[in-house]
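Here is the naming used below: chain letters follow the sequence lines, and residue numbers restart at 1 for every chain. All values below come from the heavy atoms of this structure, side chains included, with hydrogens, waters and symmetry mates left out.
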There are 2 protein chains.
Amino acid sequence: MTEMNDKLLDAAEAAVRLRGYHAVSFRELADDLGIKSASVHYYYRQKEDLGLALVARYQAHFFKRLDERAAGLSRFEEALAAFIAVYREALVGSDRICLCGMLGAESSGLPPPLAAAVAAFFEANIDWLDKRMPEIWPSATRRGLADSIVASLQGAMMLAASLKDHARFDTIAEELQARFGTL
Amino acid sequence: MTEMNDKLLDAAEAAVRLRGYHAVSFRELADDLGIKSASVHYYYRQKEDLGLALVARYQAHFFKRLDERAAGLSRFEEALAAFIAVYREALVGSDRICLCGMLGAESSGLPPPLAAAVAAFFEANIDWLDKRMPEIWPSATRRGLADSIVASLQGAMMLAASLKDHARFDTIAEELQARFGTL
DNA sequence: GCGCGTCTATCTACCGGAAGATAGAGTAAA
DNA sequence: TTTACTCTATCTTCCGGTAGATAGACGCGC
């Protein structure tokens, strides 16, 4: 919406992806933006509302970039490469793990609606892959492979962030592409 | 050491694995144990000290169970199965993700010594797999495959916890075993 | 065996600060 | 004059952490 709202979401997303939901405060975000914490509450009455907005925007951006990259691609190998590229972009572009990777780990400690939104993000990821997978396998197999791909990439982000080494993500991504790309 | 110390570590591990480091407080742990928060500080002066003790104990238990399961096994396929089983046990036994998976996600928001201990846990995981891998590949390839395995399992735990469905972990684990077990 | 000091484990009481959240006034543009 | 936005000021609750007291168990020299 407004410019300040965008800046607020940017600051909140950066902070949550770096340190987690519970480690981020309204005061800290306000300081980042040069406003007061009461003004942050003007945009989002509760922290939970901010979290939900964050996930909604993240998901929208994620699939927008994904569909841009994957437009016109028909082979699964290419779709997977696009999927991996969007994940990689998220990690390398900001030196942070996926928003939903962070929130997914914290899931049990989040307000239930927020945990549900995060779970929906993952299901949407899996659906996206599933739909582009060759139909030579039964549906359950396809979904299982999609689960594996999402888990690998989320785990790879976490590992690369913890070890402070993006190259680890790339190694895992290449292995993933080699394994599933030729299906 | 003492009985109370064990109970304290048990409560702290359960809480951190469920909701994350920053969402756990001394008072909450004290309430769980029926003591006062000042008594928790008697055992661990700072929260960081508690976190370090938690990781040290977790890592020791993890490798103890791993070595028990893998004792006498020589083929990589079997070692991998043991590795997966210990991960699965951690998830299913407590309905929680790996302590270091949680702390790894939060890594950038943790006291540096704690983040370093978590990173060391992952490196030890990778080393364990690496050493048991057939030497037909160059060292770099082996380490890359070990990275992939750890990332998959950590991601699978997070995904299963977020989606509240342990079967998703099993699906991914089976795919992993099929992928690397026959190497 | 007795008294002395020490150690262990817990308590009460408190500190300064930060958290999420609210009420209501001010301000500036449309 | 209304709307959009930001402020000051404040509340309650919780945080990590500290100080200092206490009660009981242990060991040691006399």
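Ion pairing of Glu123(B) with Arg143(B) is present here, as a side-chain N (NZ or NE/NH1/NH2) and a carboxylate O approach within less than 4.0 Å. Residues Arg132(B) and Glu77(B) are not paired through a salt bridge, judged by the lack of any N-O separation under 4.0 Å between the basic side chain and the carboxylate.
Atom CG in Leu33(B) sits roughly 15 Å away from atom C1' in dC11(C) (whole-Å rounding). Here the C1' atom of nucleotide dT18(D) and the CD atom of Gln46(B) are 12 Å apart, to the nearest Å. In this structure, the CG atom of Asp31(B) is 10 Å from the P atom of dC14(D), given to the nearest Å. Following rounding to the nearest Å, Glu28(A) (CD) and dA19(C) (P) show an atom-to-atom distance of 8 Å. Atom NZ in Lys7(B) sits roughly 13 Å away from atom C1' in dT10(C) (whole-Å rounding). Computed from coordinates, the Asp49(B) CG to dG17(D) P distance equals 8 Å when rounded to whole Å. Whole-Å rounding puts the Lys36(A) NZ to dA9(D) P distance at 10 Å. As a whole-Å value, the separation of Leu50(B) CG from dC15(D) C1' is 15 Å.
Across dC11(C), dA9(D), dT6(D), the shortest atom-to-atom separation from the side chain of Ser39(B) is found for dC11(C). Nearest to the side-chain atoms of Met4(A) among the listed nucleotides dT6(D), dA13(C), dG16(D) stands dT6(D).
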- Task: Show your reasoning for whether side chain to side chain contact (heavy atoms under 4.5 Å, CB included) applies to Met102(B) and Glu106(B).
- Result: CA-CA 7 Å; Met102(B) 176 65 84; Glu106(B) 294 182 293; 3.8 Å; yes

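Across all strands shown, Ser25(A) has heavy atoms under 4.0 Å from sugar-phosphate atoms exclusively, and none from any base. Counting any heavy atom pair closer than 4.0 Å across all strands shown, Lys47(B) reaches sugar-phosphate atoms only and no base atom. At the heavy-atom level, Phe26(A) lies under 4.0 Å from the strands shown only through sugar-phosphate atoms. Nucleic acid contact for Val40(A): none, since no nucleic acid atom lies under 4.0 Å from a heavy atom of the residue.
Between Tyr44(A) and Phe26(A), the ring centre distance reaches or exceeds 6.0 Å.
Between the base of dG17(D) and the side chain of Arg45(B) there is no donor-acceptor pair shorter than 3.5 Å. Within 3.5 Å, no donor on the side chain of Arg27(A) pairs with an acceptor on the base of dA18(C), nor the reverse.
Neither OP1 nor OP2 of dT6(D) sits under 4.0 Å from any side-chain N or O of Tyr42(A). Contact check, Tyr43(A) against dA4(D): no side-chain N or O comes under 4.0 Å of OP1 or OP2.
Considering every non-hydrogen atom in both Ser162(B) and Val118(A), the closest pair reads OG-CG1, 4.0 Å.
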